[in-house]
2 protein chains.
Amino acid sequence: MDSRHTSREKLTDTLRAHGINPTHQRIEIAHALFSRQEHLSADQIMAIVNERHCETSKATVYNTLNLFVAKALIREVIVDPTRVFYDPNTEPHYHLYDVQSGRLTDVSSADVRISGLPDLPEGMVAEGMDVIIRVRPAI
Amino acid sequence: MDSRHTSREKLTDTLRAHGINPTHQRIEIAHALFSRQEHLSADQIMAIVNERHCETSKATVYNTLNLFVAKALIREVIVDPTRVFYDPNTEPHYHLYDVQSGRLTDVSSADVRISGLPDLPEGMVAEGMDVIIRVRPAI
DNA sequence: AGCCGGGCTGGACTGTGTCTAATGCAGCCC
DNA sequence: GGGCTGCATTAGACACAGTCCAGCCCGGCT
C-alpha cells in the first residue's frame, strides 16, 4: 500500500500501454519524470536515478529518453541551446521559460486561442506547435 | 556603384547604429546573414565567410554572433537541439520548421492572433515569444 | 545445454560552443 | 617617435551534451 510502490506499478502499465518493455531502469527513469511533474534534462534525470548507487549508465538514460519520446510517452522541449528538457506532460500546452534561472513552467493551452495561421506548404503535415514565452525578472 | 559595395556600406551604418564597432570580420559576418535572408548556423556562417581564404576564426564568429544577439541586431532561433540558428529578421514573426530536412522558414506574424495568454508571474517581464510549427512531409 | 535477441554498460568518440593567453592594431598623450 | 591603453582577433585547448560501438548479461526457447 506504499504509494511509491503503487506508482511504480502504474508506471509499468503505462510503459506497456505504450509498447515499451518495462525494465527496472526504464521504470526508474519514468518514475523520476512522472513523480515530480517537472521538466528535467537528461543530466538531472541521471542524477536522480543514481542518487543512491550508480546503477544506470548514461547510454541507457539517453536511449530510454529517446525511446520514450519516440513512443510519445513524453515530449522534448527545446528552449535551451545547451540541453534538451523532457516533459512528462503530453497534453497540448505551452511553456514559460525564465531566461535568467532556466526554470520552465507549463501554460495550459485551454484558454489560448491562436488564429490566422497560414496554410502549410503543399505536402506537409503539422507535427505540433511549440509556443515558448521567454520571461525574465523585471529590473 | 557595385551593389555589394553599397550593401557593405549600409551594413557599416547598421552596425554603428546598433553600437557595434564595424570591423572587417563583423561586416563580413553581417553580410553573410543579411545578403541571403536565411537562417544560418554558426558553422554555415563560418563556411560562407571563409569561402575564399580562411581569414576569420571560429572564436570570432561565435563572439560576433553573440554580440549581434546582445545588441539586438539578429535573433537566435532555438529549434534544433544540436545547434543554434541565427535570424537576421528581428521583426516579430514565427517559424516553420521542417523536422525532416531541418529547413527553417519564416511565418509572418501579421495575420496571427493569439489571445487568452495567462498573466505573467509577479515581477516578470516578457522578453519575447517563440512560436515554432514543426512540420514534416506527408507520407 | 546451447542459442538468440533485447537490454545494459563503459568508454571512446563527435560536434557545438567557450575559454585562455598571446598577438595585432588603433588612438592617444607626452 | 615612443610608450601606453584598450579593443579585436586568433589558434588551440577545453567543456559538455549526446551518440556510437563492441561486449556482456540474462531470460526465453528448443
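Chain letters run A, B, ... following the sequence lines, proteins first, then strands; residues in each count from 1.
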Any chain of hydrophobic side-chain contacts (each under 4.5 Å) joining [X] to [Y]?
| X | Y | result |
| --- | --- | --- |
| B:Phe85 | B:Phe68 | no |
| A:Leu73 | A:Tyr62 | no |
| A:Tyr86 | A:Val79 | no |

Quiz prompt | chain B contact limits on DNA chain D, taken 5' to 3' with a cut-off of 4.0 angstrom to heavy atoms | solution =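 From 5' to 3', the first and last contacting nucleotides are D:dA8 to D:dA13.
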Practice problem: Could you tell me whether the side chain of A:Leu67 reaches within less than 4.5 Å of the side chain of A:Lys71, counting heavy atoms only? | Solution: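 A side-chain contact under 4.5 Å exists here.
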Quiz item: When the nearest nucleotide of DNA chain D is assigned to B:Glu55 and to B:Pro81 on a heavy-atom basis, which residue is associated with the more 5' position?
Solution: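 It is B:Glu55 whose nearest nucleotide is closer to the 5' end.
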Quiz item: For DNA chain D, whose closest nucleotide is more 5', that of A:Arg83 or that of B:Cys54?
Solution: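 The residue closer to the strand's 5' end, by nearest nucleotide, is B:Cys54.
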Taking side-chain hydrogen bond (donor to acceptor under 3.5 Å, both in side chains) as the definition, give me every residue that meets it alongside [X], ordered by chain and number, with sequence neighbours left out.
| X | value |
| --- | --- |
| A:Asn63 | none |
| B:Gln44 | B:Ser41 |
| B:Glu38 | none |
| A:Ser115 | none |

Exercise. To the nearest Å, give me how far apart CZ (A:Phe68) and C1' (C:dG7) are.
Key: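 For the pair A:Phe68 CZ and C:dG7 C1', the rounded distance is 13 Å.
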Practice problem: Verify, without hydrogens or angle tests, whether A:Asp87 (side chain) and A:Arg75 (backbone) share a donor-acceptor contact under 3.5 angstrom. | Solution: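 It does not hold such a pair.
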For residues 121-139 of chain A, which side-chain N or O atoms pair as donor and acceptor with protein atoms under 3.5 Å away, sequence neighbours left out?
residue	atom	partner	partner atom	Å
A:Glu127	OE2	B:Arg136	NE	3.1
A:Asp130	OD2	B:Arg134	NE	2.9
A:Asp130	OD2	B:Arg134	NH2	2.9
A:Arg134	NE	B:Asp130	OD2	2.9
A:Arg134	NH2	B:Asp130	OD2	2.9
A:Arg136	NE	B:Glu127	OE2	3.1

Quiz item: For residues 18-28 of chain A, which residues have at least one heavy atom under 4.0 Å from DNA chain D?
Solution: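 Heavy-atom cutoff 4.0 Å gives no residues at all.
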Exercise. Could you list who else is in A:Ile78's hydrophobic cluster, with ILVMFWY side chains joined at under 4.5 Å, directly or through other members?
Key: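 Listed partners: B:Ile78.
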Quiz item: What residue pairs, at least two apart or across chains, pass ring-ring contact (aromatic ring centres under 6.0 Å, His included) with a residue in residues 94-139 of chain A?
Solution: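 Counting only pairs at least two positions apart or across chains, the ring-ring contact (aromatic ring centres under 6.0 Å, His included) contacts touching residues 94-139 of chain A are A:His39-A:His95, A:His93-A:His95.
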Extract from the structure each pairing of a protein N or O with an N or O of nucleotides 18-23 of chain C at less than 3.5 Å, listing the distance.
residue	atom	partner	partner atom	Å
C:dT18	OP2	B:Asn66	ND2	3.3

Quiz item: Looking at A:Thr60, does any N or O in its side chain come under 4.0 Å of the phosphate oxygens OP1/OP2 on C:dT9?
Solution: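 Result: yes.
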Practice problem: Could you list by number each residue of residues 32-50 of chain B showing a heavy-atom separation from DNA chain C of less than 4.0 Å, or answer none if no residue does? | Solution: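 Under 4.0 Å from DNA chain C: B:Ala42, B:Asp43.
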Quiz prompt | salt bridge (Lys or Arg N to Asp or Glu O under 4.0 Å) involving B:Arg83 - partner list, sequence neighbours excluded | solution =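 Checked B:Arg83 against salt bridge (Lys or Arg N to Asp or Glu O under 4.0 Å); matches are B:Asp80.
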